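Predicted, not measured: the structure shown is a model, and the values here were computed from it.
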Amino acid sequence: MTVESDPRSARSKLVLLSEAGVRRREETIQILAGLEATLAAHIGADTVTALRAALEEPWGSPESAAAELPGPSTS
């Protein structure tokens, strides 16, 4: 991975993957595609599509999403 100045904005940086990072990303995409195919075989493609859509919804910041989780049970 490298970090370079963004030629379009002096305040921004570009983070670029190394060759190994690009390979790892491709491997990961293939693994996830296989997992989704297996899941679709068990619960149906439409359900997987709906699940993906729900997971891609804007949930806010991680901190705000975590704040909405129920706390540990005290019973």
- Rounded to the nearest 0.5 Å, what's the gap from CG on D6 to NZ on K13? Could you check?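 Between atom CG of D6 and atom NZ of K13 there are 9.5 Å.
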- Query: Quick one: CG on L35 to CD on Q30, what's the gap to the nearest 0.5 Å?
  - Reply: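 Answer rounded to 0.5 Å: 12.0 Å.
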- Message: According to side-chain contact (heavy atoms from CB on, under 4.5 Å), who are the partners of A67, at least two apart in sequence or on a separate chain?
- Response: none
- Please assess R23 against E27 for the test salt bridge (Lys or Arg N to Asp or Glu O under 4.0 Å), listing each intermediate value before the final yes or no. CA-CA 6 Å; R23 284 192 305 274; E27 291 168 0; 5.8 Å; no
- Message: Restricting to non-hydrogen atoms, name the atom on L14 and the atom on S5 that form the minimum distance, rounded to 0.1 Å.
- Response: CD1-O, 4.2 Å
- Heavy-atom nearest pair, S18 first then M1, reads CB-N, 3.5 Å
Would you give me the side-chain donor-acceptor pairs under 3.5 Å for residues 37-46, sequence neighbours excluded?
unit_1	atom_1	unit_2	atom_2	d
T38	OG1	G34	O	3.0

- CD (E19) with more than 12 external heavy atoms under 6.0 Å: no
- Message: Are L32 and V48 linked, directly or through intermediate hydrophobic residues, by side-chain heavy-atom contacts shorter than 4.5 Å (ILVMFWY only)?
- Response: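 No, separate clusters.
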- Item | Qualifying residues under side-chain hydrogen bond (donor to acceptor under 3.5 Å, both in side chains), relative to S64, sequence neighbours excluded |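 Listed in chain order: S61.
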